[in-house]
Protein chains: 2
Amino acid sequence: MKITHKGDYALKAVLDLAVHYDEGVVTIQAIAKRIDAPSKFLEQVLLELKRGGFIESRRGKIGGYMLSKPPQDITLGEIIRFVDGPLEPIACVNKGYADCHDLHTCVFRPVWQKVFQATSAIVDHVTFETLAREVKASENIPTYSI
Amino acid sequence: MKITHKGDYALKAVLDLAVHYDEGVVTIQAIAKRIDAPSKFLEQVLLELKRGGFIESRRGKIGGYMLSKPPQDITLGEIIRFVDGPLEPIACVNKGYADCHDLHTCVFRPVWQKVFQATSAIVDHVTFETLAREVKASENIPTYSI
DNA sequence: TCTAAAGTATATAAAATCAATAGACATAAT
DNA sequence: ATTATGTCTATTGATTTTATATACTTTAGA
């Protein structure tokens, strides 16, 4: 698994919407500013997430985005897979991979399978409800940083 | 972690050298043919592995490559890291990452840490001795495939 | 000594992916 | 109407990945 900037933005955007889930729609600009992403690039990411059914939008003057489902029904894993592709470290983990010279005797494959399964196990049971709660908790703690 | 073709070639080349560990040096051409890699590209990969201290070479007419250490002393993890870079799914897992807007409150970071640790735990304890033995075992089994 | 077979080194090109920007358009509140 | 928003498509620039090309060095053996 490799998280690109695009994937990173997508995850942070969904998290932002999760944090503001009870407050109606949120604009691209507001999200972009908070997650420190280029707004035009974020635009495309949000559009993609919308087409994937993860978020909904409202157009017009007081438009913006909101989650299609409550935060507890969205996992980190689904967003990553959707935006950055499969979690497998190499394509041969899926059957039907034509480039592998000898699929049956490839001794690396079981290792990649294990990595894939361990990764999935982690990201597929982290929900945005959990993450949003952590954000809110840390926001309430004064930092006293310089 | 993402395995590129280059990384894939490197792993298969090291495995090939592990399988033939007791037979002296092996030529680039022989490796290239067996692992199905472009020989000129493999050349660069082998050179890199040599500079990394993983393999040694002998020049001249009956030249070739061999492992610097016995197969049981080389892990999958070290080769991957050396050729394809860090195992972390995203750079922010390492401290000192400048792009993360708020490192202290980034709630994704612990997740990436877990993925990184799970991945490391798997690939760092697979040695090429184990893999080579598996290859040899499967080579002795008739396949009866068409 | 000559030649052939092998590794060494650097440069370049081709292709793919990633990241970002630009500009025209559609929608809806006021 | 105006303004603030989302929608859509195209394009550009940068980087990485993959591969090829070319010249050079080394060594065994005839």
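Scope of the values below: all heavy atoms of this structure, side chains included, with no hydrogens, waters or symmetry mates. Lettering of chains follows the sequences in order, A, B, ..., and the numbering in each one begins at 1.
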Could you check how far [atom1] of [X] sits from [atom2] of [N], rounded to whole Å?
X: B:Asp36; N: D:dT18; atom1: CG; atom2: P; result: 15 Å
X: B:Leu49; N: C:dT8; atom1: CG; atom2: P; result: 12 Å
X: A:Phe41; N: D:dT7; atom1: CZ; atom2: P; result: 17 Å
X: B:Lys6; N: C:dA16; atom1: NZ; atom2: P; result: 19 Å
X: B:Leu46; N: C:dA9; atom1: CG; atom2: P; result: 13 Å
X: A:Lys61; N: D:dA1; atom1: NZ; atom2: P; result: 16 Å
X: A:His5; N: D:dA14; atom1: NE2; atom2: P; result: 16 Å
X: A:Glu48; N: C:dC18; atom1: CD; atom2: P; result: 11 Å

Starting the side chain at C-beta, find the nucleotide from [options] nearest to [X].
X: A:Ile62; options: C:dA29, C:dA20, D:dA28; answer: C:dA29
X: A:Leu47; options: C:dA6, D:dC8, D:dT18; answer: D:dC8
X: A:Tyr9; options: C:dA20, C:dC18, D:dT18; answer: C:dA20
X: B:Lys40; options: D:dT22, C:dT8, C:dA6; answer: D:dT22

[N] OP1/OP2 closer than 4.0 Å to side-chain N/O of [X]:
X: B:Lys50; N: C:dT8; value: yes
X: A:Ser57; N: D:dT7; value: yes
X: A:Thr4; N: C:dA19; value: yes
X: A:Arg51; N: D:dT7; value: no

A:Pro38 side chain reached by A:Leu42 side chain, heavy atoms, under 4.5 Å: no
Any N/O donor-acceptor pair, [X] side-chain to [N] base, under 3.5 Å:
X: B:Arg59; N: D:dT25; result: yes
X: A:Lys2; N: C:dT17; result: no
X: A:Gln44; N: D:dC8; result: no

I'd like to know if A:Lys33 pairs up with A:Asp16 as an ion pair, taking the criterion as any Lys NZ or Arg NE/NH1/NH2 lying under 4.0 Å from an Asp or Glu carboxylate oxygen. no
A:Glu43/A:Lys40 salt bridge by N-O under 4.0 Å criterion: yes
Determine the contact category for [X]: base if any of its heavy atoms lies under 4.0 Å from a base atom, sugar-phosphate if only primed atoms, P, OP1 or OP2 are that close, otherwise nothing.
X: B:Gln29; answer: nothing
X: A:Gly63; answer: sugar-phosphate
X: B:Ile28; answer: sugar-phosphate

Working for side chain to side chain contact (heavy atoms under 4.5 Å, CB included), residues B:Met66 and B:Ile55: CA-CA 6 Å; B:Met66 61 177 298; B:Ile55 64 180; over 6 Å; no
Check for a donor-acceptor pair, side chain of B:Thr130 on one end and backbone N or O of B:Val126 on the other, with a separation under 3.5 Å. no
The test is salt bridge (Lys or Arg N to Asp or Glu O under 4.0 Å); show your working for A:Glu48 and A:Arg51 and say whether it passes. CA-CA 5 Å; A:Glu48 209 172 310; A:Arg51 295 192 184 111; over 6 Å; no
Walking DNA chain C from its 5' end, the first of B:Glu43 and A:Leu42 to be reached, judged by nearest nucleotide, is B:Glu43
Heavy-atom nearest nucleotide on DNA chain C for B:Gly60 versus A:Asp84: which residue maps closer to 5'? B:Gly60
